[in-house]
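Keep in mind the model is a prediction, meaning the values are calculated, not measured. As a basis for the values below, the full set of heavy atoms in this structure was taken, side chains included, without hydrogen atoms, waters or symmetry mates. Residues take their numbers from the sequence shown, with the count starting at 1.
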Amino acid sequence: MIGIPVRLKTAATLALLGLLALLAGIGQLTFWAPAETVTVSAPGDTKAAPLTVIDEKLIALHGGAMKINIKGEGNFLVATGRPDDVDAWVGKTAHTTVTGVSEDQKSLQVASTEGEATAPSPAGSDLWVTVENGSGELDYTWNPPAGGDWTLLLASDGTKAAPSSISMTFPNKATMPWAVPLIVLGILVILAGLAFPFLARFLSERRGKGKGPDGGTPEGGSGPEAARTGDAQPEGRRGRAAGSNGQALRVSLAAGLATVLVAGSAAGAQATTTPAPSPAQGSSSAAAEEAPVVPVLLDAQLKRVLEQVASAVAAGDAARDAAKLAPRVDQMELQVRTQNYKIRSSVSAYEARMPVQASKLLSSVVTTQRSWPRTVLAVTQGEGNVVPQVLTLTQVSPRENYKLTASAPLQPGTTFPSIPRDGTASADPAGKDGLAYSGTEALAALADRLTTADSAFKDKLVETGSSPYIAGALAYQADTIAAGTSATFKVTHTPVPALTSVLRTSDGGALVIGRLDFALDGTPKASGDKLLLDDDSAVFAGGKETTTGMVLTFAESVAVYIPPAGSTEPMKLIAATRGLVGASFK
């Protein structure tokens, strides 16, 4: 039987051990808790370079908001872009890459790449989703602009050294895993200590009631101990045994809890210093090496591009100056508007090209193709646009911006095809790949429809009843031939393969965008017969009549919908326009 003093000492010991465990657990959540953030810096001897890249692996390693302190000489910028876009823009330029954090979590890992000593200024590039400028020092807070991987590019003007004095503060992932278990254990042990005296007394009374009159086993009963010894132990010996058992119990409990406390404290202390894994430089999984399936432009980027394109076109149109178009207009659109300005400088009544507006974006087609050249479409409508127009924007290379390469009004009564909101795939113009026709075949079919009234594609490529383009082109050609009684005319519409792009639609079909060269070739029927040119054509030909023949050249911007393979639907003309770009005498 455990005496009252023994029971009280045991209870006090349990309560004390429980309190220690409770305090240890609370301490790990308070004054022993690790810092909420960790700050690491780039080595002071980091080699200077015109560009500094903060790798996406480092950004993804810690996640969440990250604060970056950047120090540099003079003005600099911090640009956010997709990893492959940043890599492509950096190209062969010498650069410094911040790749990760050292294993002791005390410094940033930095790698230097040799290369060209200078680069163009990255300011104003369409590749960047966000740009923040600094001078001397900048406290930059990183927050991802959208899902997926991102990389940061630091640069001055491309000729001066980019900032390399960088420190990063990110959330500390160190934890105190024993804190809650110790608190729970402490509470349980304290409660056990409080209940121990009553439980011990209860058990002692139960044992007392179970003994016989002489202190042995109950009458008629026999037990294992009696069978071995033949008689009961003396009272004093029983008391000493009971006391020894109680002392052993206390020692065992104390030793066990002490072990738990020591282990918990050690684990908690270790948790504050265990480094997070640092990515090995140059290592990547096969999945990471695959091109990401993300659109090449976010909505904010596309709207910014459209605003700059519209501004450049408005400036050029207002001044009739093609030089003002150059920063944001190229290829067919630049040629057509340049020639339009030239005609209007001599023929005031000649119609201007449709203005380009960015104020109302009705639809967009953004490719997920990560290689260059990249082509995206925008359907806009604003002041001066009687109908919506389809704008083709092309980025030829990483260090060039998107430029307007073609524009065409959406044909009246035509519905623009549905396109996936998260970007769409590009397709090979020469391949069908689940389409009823390839892009090349579709434009060849349109060329035939525009050339011959009885085309074999008359029922295979159609336009809506209110669309005027195909019917208008055939009528213009027929009228010209009929009016030229003294001449023989040849009409051709020829697709330009290099300017053909195919983008997939939501229904498995595709939209093909391209250019046709429309030529009207006239030759006198007899010697001395004359061909007369209109005032607009005469601007290019240098005169209004010829006895040797003439050629008028138009550029046609077109978009055709191609149904998926197996569909019974015909191809549809979605958008089309033409502009006079040349005239010459033979």
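- Distance check: L302 CG to E307 CD gives 10.0 Å after rounding to the nearest 0.5 Å.
- Within a 6.0 Å sphere centred on CD of E132, heavy atoms belonging to other residues, nucleotides or ligands number more than 12.
- When all heavy atoms of L325 and A312 are compared, the pair lying nearest together is CD2-O, 3.7 Å.
- The pair R82-D149 fails the salt-bridge criterion, with no side-chain N (NZ, NE, NH1 or NH2) lying under 4.0 Å from an Asp/Glu carboxylate O.
- A donor atom on one side chain and an acceptor atom on the other are found under 3.5 Å apart for S455 and D448.
- Taking a cutoff of 4.0 Å between a charged side-chain nitrogen and a carboxylate oxygen, D126 and K403 do not qualify as a salt bridge.
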I'd like a table of donor-acceptor pairs (distance under 3.5 Å, sequence neighbours excluded) in which one partner is a side-chain atom from residues 382-397, with atom names and distances.
{"unit_1": "N385", "atom_1": "OD1", "unit_2": "G382", "atom_2": "N", "d": "3.0"}
{"unit_1": "N385", "atom_1": "ND2", "unit_2": "P355", "atom_2": "O", "d": "2.9"}
{"unit_1": "T394", "atom_1": "OG1", "unit_2": "T405", "atom_2": "OG1", "d": "3.2"}
{"unit_1": "Q395", "atom_1": "OE1", "unit_2": "W372", "atom_2": "NE1", "d": "2.9"}
{"unit_1": "Q395", "atom_1": "NE2", "unit_2": "E400", "atom_2": "O", "d": "2.9"}
{"unit_1": "S397", "atom_1": "OG", "unit_2": "E400", "atom_2": "OE2", "d": "3.0"}

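- Checking each of T375, I513, T424 against V365 for a side chain to side chain contact (heavy atoms under 4.5 Å, CB included) leaves exactly one that passes, namely T424.
- Side chains of N69 and E137: a donor-acceptor N/O pair is present below 3.5 angstrom, by distance only.
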inquiry  = Walk me through whether D317 and K324 qualify under salt bridge (Lys or Arg N to Asp or Glu O under 4.0 Å).
reply    = CA-CA 9 Å; D317 287 353; K324 296 183 180 297; over 6 Å; no
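- Using bins of under 30°, 30° to 60° and over 60° for the plane-to-plane angle, the ring pair H493/F518 lands in the parallel bin.
- The nearest pair of heavy atoms linking V366 to P295 is CG1-CB, 3.7 Å.
- Only one option out of L404, V309, V313 pairs with R328 in a side chain to side chain contact (heavy atoms under 4.5 Å, CB included); it is V309.
- Without hydrogens or angle criteria, E556 side chain to A447 main chain gives no donor-acceptor distance under 3.5 Å.
- The number of heavy-atom neighbours closer than 6.0 Å to NZ of K360, taken from other residues, nucleotides and ligands shown, is 12 or below.
- Taking 4.0 Å as the cut-off between side-chain N and carboxylate O, R374 and D85 count as a salt-bridged pair.
- Summarising the geometry, atom CG belonging to D139 is positioned 9.0 Å from atom OG1 belonging to T169; distances are rounded to the nearest 0.5 Å.
- A donor-acceptor pair is defined here as one N or O able to donate and one able to accept, closer than 3.5 Å; such a pair exists between the side chain of S506 and the backbone of S418.
- The backbone N or O of Q357 sits less than 3.5 Å from a side-chain atom of T380, completing a donor-acceptor pair.
- Judged by distance alone, with hydrogens and angles left aside, the side-chain atoms of Q308 form no donor-acceptor pair with the main-chain N or O of P327 at under 3.5 Å.
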